[in-house]
There are 2 protein chains.
Amino acid sequence: MFAQTPQELRRQVYVSESYYNKNKQLLHGLGTAFEIVQDSVFKAVSDTVTPQGILCVAKWPEYEPDLLLGTKQPLFLLLEDIQDPGNLGTIFRAAEGAGVTAVFMSRGTVDIYNPKTIRSTMGSIYRVPFLYVDDLSETVTHLKKKEVQVYAAHLQDSVDYDKRSYREGTAFLIGNEANGLSDAVCRSATGYVRIPMQGQLESLNAAVAASLLIYEAYRQRR
Amino acid sequence: MFAQTPQELRRQVYVSESYYNKNKQLLHGLGTAFEIVQDSVFKAVSDTVTPQGILCVAKWPEYEPDLLLGTKQPLFLLLEDIQDPGNLGTIFRAAEGAGVTAVFMSRGTVDIYNPKTIRSTMGSIYRVPFLYVDDLSETVTHLKKKEVQVYAAHLQDSVDYDKRSYREGTAFLIGNEANGLSDAVCRSATGYVRIPMQGQLESLNAAVAASLLIYEAYRQRR
């Protein structure tokens, strides 16, 4: 499933002169080849205003759908058209923490290779398997055939999220920040779950909602 | 405690011409006076690139510390030096959902009136009471005197967050994104709680961590 380790994905490491001067011991202890470039060059190749001083060129990870889908009692996240790069990265970070098997994303989801997404995953992008899929409803149907229960996070006509059991194969569907899940995807789900809310809120932030669901599954499985 | 309603805080509503033309019925149904301005004027006074077309000038809400602290079985969030405006707004949004009594913030916390924060609260800023405090440790000591259990979200030497009871007065301390909680604040807490994590993560996003804790309290109190 984890087709490549982060080491296998790494192609080249670059550090700025000033980073090198401050972190010589750390860098030589890594056992990795690296190239030192002038601070001005580093600033030009980095996309941040105040770069950390170290960057690495990596191969995109590739995952085998059949291996992901063949996992025993998996915990999946299915994301439909999440738009905010920070939300997507935050979801990956929480997914690693909760032991999510893999994240499936609709084609309309923001690019996982968006620099802001990569940064907010805090490295989880290299450790949480993911796949973009053409038709999320089809993925749901496929998962249901594999006896995975697929729950749509939904505000109406649904059961409180902590009243269902997620000990067996489980997947959670999370919708777009502004519009939620599409009707087609909702209809394909096994059932709905609702995160109760006090006050006058219409919804929670998508990354918060995803995190509450997967951590409830992790809580039950611990 | 809620010294003012959103209606009382509102001073003036402005809408752009094109927004007015599309939402006449909605606007006249609100029962609120509003002023229509040219789209070009609206764009100039708004701080977003693609403004929605409606904005409102409001008074800053003010809360009475004694009223907040006198609430029975309260649920508080205490934030130390949260830096990201989006994180702060997302925390307020989740706080409303979980029924948080009030949010206390150290002076080093990002400005709650940062436009990005206000937007990401999705309106919760007008409904969740908050206070900036000069000394967060002092607030913790004060809360403990009022028999509120104050738990620091911490990674070491601590109990899993779902193994404690939060049915009585409870407060959660959430630290800065990069450095966590200061030693002084940690020492003042009643105890530590830990959110377990799989994989190689060092921590969760601050808004996700805060949300998991307050929603666990809300789950126990439902």
Side-chain angles (χ1 to χ4, degrees), chain A residues 2 5-6 52 75 84-101 116 119-124 126-129 155 160-163 177-178 194-222, chain B residues 2 5-6 52 75 84-101 116 119-124 126-129 155 160-163 177-178 194-222:
Chain A
F2 294 91
T5 66
Q52 264 188 303
L75 177 58
D84 183 87
N87 276 347
L88 183 60
T90 303
I91 290 173
F92 265 75
R93 189 174 170 188
E96 180 176 9
V100 163
T101 314
K116 211 186 149 198
R119 270 195 298 278
S120 49
T121 69
M122 297 295 276
S124 297
Y126 300 113
R127 298 186 292 260
V128 177
L155 299 170
D160 278 356
Y161 74 112
D162 54 345
K163 298 287 179 277
E177 289 93 339
R194 182 182 171 274
I195 300 173
M197 288 178 295
Q198 298 191 56
Q200 299 169 45
L201 275 190
E202 285 179 24
S203 66
L204 292 167
N205 166 281
V208 165
S211 301
L212 290 173
L213 295 175
I214 56 181
Y215 258 87
E216 173 61 19
Y218 180 32
R219 192 182 71 82
Q220 293 184 11
R221 289 166 177 223
R222 280 203 315 273
Chain B
F2 294 93
T5 66
Q52 265 188 302
L75 177 58
D84 183 87
N87 275 347
L88 183 60
T90 302
I91 289 173
F92 265 74
R93 188 174 172 189
E96 181 176 8
V100 163
T101 314
K116 213 188 147 195
R119 271 195 297 278
S120 49
T121 70
M122 298 295 276
S124 297
Y126 301 113
R127 298 186 292 259
V128 177
L155 299 169
D160 278 358
Y161 73 113
D162 53 345
K163 297 286 178 277
E177 289 92 339
R194 181 182 171 276
I195 301 174
M197 289 179 293
Q198 298 191 55
Q200 299 169 45
L201 274 191
E202 285 179 24
S203 66
L204 292 168
N205 167 280
V208 166
S211 302
L212 290 173
L213 294 175
I214 56 182
Y215 258 86
E216 173 62 19
Y218 181 32
R219 192 181 71 82
Q220 293 184 12
R221 289 167 177 222
R222 281 202 315 274

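Labels below follow one simple rule: chain letters A, B, ... track the order of the sequence lines, proteins then strands, and each chain is numbered from 1. Everything numeric in this text was worked out from a predicted model, so none of it was measured.
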Could you pull out all residues at least two apart from Gln220(A) that satisfy side-chain hydrogen bond (donor to acceptor under 3.5 Å, both in side chains)?
Glu216(A)
The side-chain hydrogen bond (donor to acceptor under 3.5 Å, both in side chains) partners of Asp84(A) (sequence neighbours excluded) come to none
With Asn205(A), which residues qualify under side-chain hydrogen bond (donor to acceptor under 3.5 Å, both in side chains), at least two apart?
Asn87(A)
What part of Ser203(B) gets within 4.5 angstrom of chain A, counting heavy atoms only: side chain, backbone, both, or neither?
both
Using 0.5 Å steps for rounding, measure from the OH atom of Tyr215(B) to the CG atom of Leu204(A).
4.0 Å
Measure the spacing between CD of Gln200(A) and OH of Tyr126(B) and express it to the nearest 0.5 Å.
13.0 Å
Given a strict heavy-atom distance threshold of 4.5 Å, which part of Ser124(B) is in contact with chain A: side chain, backbone, both, or neither?
side chain
Can you tell me which of Ile195(A), Asp162(A), Val100(A) forms the most heavy-atom pairs within a distance under 4.5 Å of chain B?
Asp162(A)
dist Arg219(B):CZ -> Leu212(B):CG (nearest 0.5 Å) comes out at 11.5 Å
Are Asp160(B) and Arg222(A) within salt-bridge range, i.e. N to O under 4.0 Å?
yes
With a 4.5 Å cut-off on heavy-atom pairs, point out which of Ala209(B), Gly199(B), Pro196(B) contacts chain A the most.
Pro196(B)
Nearest 0.5 Å please: distance from the CD atom of Gln198(B) over to the CZ atom of Arg127(A).
13.0 Å
Residues of residues 90-99 of chain B under 4.5 Å from chain A (heavy atom pairs)?
Thr90(B), Arg93(B), Ala94(B), Glu96(B), Gly97(B), Ala98(B), Gly99(B)
